[in-house]
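Hydrogens, waters and symmetry mates play no part in the numbers below; they use all other heavy atoms, side chains included.
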Amino acid sequence: MAFALPIVMWWGYKEVQNQFVQPQAVVVLGGSTRRLEREKFTAEFVRKHPNIPIWITGGSPAKYTQRVFTKAGVDPKRLHLDYEAVDTVTNFTTLVDDLQARGIKSVYLITSDFHMRRACVIGEIILGSRGIYLKPVPVPSENPPESIEKSIRDGARAILWLATGYTGVDAAKTKQ
């Protein structure tokens with residue numbers, strides 16, 4: 001029971017913090033289908049948050065992504081498109097230094113609902129290591145949640161990146 005107390009306290013702290021910290025940017029994990037669900041959801045979401053920048057990491061080709069945001073009336077100058085990432089871990093590792101350099105302390109994290117658990121595990125480790133908080137904003141889908149094993153595996157890869165700067169991409173690709 002004493003072991004569970006720190007975990008419950010940490011979880012409670014994170015929940016309270018999420019109520020009071022106002023995100024300064026939006027981070028969208030690419031990976032939508034041809035229908036561009038994540039991009040379309042984000043374009044509508046950011047209309048309610050007109051003054052914050054948007055990072056989209058991975059995902060649809062730039063011209064399609066830009067078209068979605070332009071059609072929604074979102075200023076394209078707000079978009080930061082990153083195509084360095086090859087998976088969910090590198091979605092975060094390729095952006096974290098840029099976010100930190102810009103003084104961003106909190107972000108809305110947008111990805112599909114079935115992918116959110118794994119994205120939060122990785123984001124809490126990588127962004128959290130630089131003092132950046134995340135507030136999940138799931139894109140609804142009809143897919144079941146990803147397996148807990150994927151979250152554990154990629155959480156370990158995020159910790160590996162913190163310790164060594166290596167993401168384990170090659171090892172992860174051989175197991176997928």
- Message: Any non-hydrogen side-chain atom of Phe41 less than 4.5 Å from a side-chain atom of Val137?
- Response: yes
- For Ala43 and Val74, which heavy atoms make the closest approach, and how far apart are they? O-CG2, 3.8 Å
- Between Asn91 and Ala85, what is the shortest heavy-atom contact and its length? ND2-CB, 3.3 Å
- Message: Nearest 0.5 Å, please: how far is CZ in Arg157 from CG in Asp154?
- Response: 5.0 Å
- Item | Criterion side chain to side chain contact (heavy atoms under 4.5 Å, CB included) on Thr94 and Thr57, from CA distance to verdict | CA-CA 8 Å; Thr94 60; Thr57 173; 4.0 Å; yes
- Query: Going by heavy atoms in the side chains, are Phe92 and Ile125 under 4.5 Å from each other?
  - Reply: no
- Check the pair Phe69, Asp75 against side chain to side chain contact (heavy atoms under 4.5 Å, CB included), reporting the backbone distance first and the verdict last. CA-CA 7 Å; Phe69 284 89; Asp75 184 351; over 6 Å; no
- Could you please spell out the steps behind the side chain to side chain contact (heavy atoms under 4.5 Å, CB included) verdict for Val68 and Tyr64? CA-CA 6 Å; Val68 166; Tyr64 298 122; 5.8 Å; no
- Item | Connected via hydrophobic side-chain network under 4.5 Å: Leu99 and Leu162 | yes
- Message: Starting from Val121, can I reach Ile152 by hopping between I/L/V/M/F/W/Y residues whose side chains sit under 4.5 Å apart?
- Response: no
- Query: Has the side chain of Asp113 got a donor or acceptor atom that lies under 3.5 Å from a matching backbone atom of Pro138?
  - Reply: no
- Message: Looking at every heavy atom in both Ser112 and Arg38, which two are closest together, and how far apart are they?
- Response: OG-NE, 2.8 Å
- Item | With Ser60, the side-chain hydrogen bond (donor to acceptor under 3.5 Å, both in side chains) member among Arg67, Glu39, Arg35 | Glu39
- Task: Is it possible for you to say whether Val96 and Ile159 belong to one hydrophobic cluster, with membership spreading through side-chain heavy-atom contacts below 4.5 Å?
- Result: yes
- Would a distance-only check, ignoring hydrogens and angles, find a side-chain to backbone donor-acceptor pair under 3.5 Å from Arg117 to Ser151? no
- Message: Hydrophobic clustering (ILVMFWY, side-chain heavy atoms < 4.5 Å, transitive) - are Val139 and Phe114 grouped together?
- Response: no
- Could you give the distance from CD (Glu124) to OG (Ser129), rounded to the nearest 0.5 Å? 11.0 Å
- Item | Side-chain heavy-atom pair Leu109, Met116 within 4.5 angstrom cut-off | yes
- According to a 4.5 Å side-chain heavy-atom criterion applied to Ile, Leu, Val, Met, Phe, Trp and Tyr, with indirect links allowed, do Val26 and Tyr83 form part of one hydrophobic cluster? yes
- Work out which heavy atom in Leu134 is nearest to a heavy atom in Cys120; give both atom names and the distance. CD1-SG, 3.9 Å
- CG of Leu95 to CG of Asp82, rounded to nearest 0.5 Å, is 5.0 Å
- Item | Flag, side chain of Thr164 to backbone of Tyr166, donor-acceptor distance under 3.5 Å | yes
- Side-chain contact, heavy-atom cut-off 4.5 Å: Gln66 with Pro76? no
- Query: Parallel, tilted or perpendicular for His49 and Tyr108, by the 30°/60° rule?
  - Reply: tilted
- Item | Atom of Val86, atom of Thr90 and distance for their closest heavy-atom approach | N-OG1, 2.8 Å
- Criterion side chain to side chain contact (heavy atoms under 4.5 Å, CB included) on Lys150 and Thr88, from CA distance to verdict: CA-CA 11 Å; Lys150 281 186 170 185; Thr88 306; over 6 Å; no
- Check: Ile132 and Val107 side chains under 4.5 Å, non-hydrogen atoms: yes
- Item | Atom pair CG/NZ of Leu36 and Lys40 - distance to nearest 0.5 Å | 5.5 Å
- Ile126 side chain reached by Val89 side chain, heavy atoms, under 4.5 Å: yes
- Message: Once rounded to the nearest 0.5 Å, what's the spacing between atom OG1 of Thr42 and atom CD1 of Ile56?
- Response: 6.0 Å
- Closest non-hydrogen atoms of Ala72 and Arg47, given as atom of the first, atom of the second and distance, are O-CD, 3.3 Å
- Message: Using side-chain heavy atoms (C-beta onward) and a distance below 4.5 Å, is His80 in contact with Pro53?
- Response: yes
- For the atom pair OG1 (Thr93) and CG (Asp87), what is the distance rounded to the nearest 0.5 Å? 7.5 Å
- Query: Taking side chain as C-beta onward, heavy atoms only, is Leu29 less than 4.5 Å from His115?
  - Reply: yes
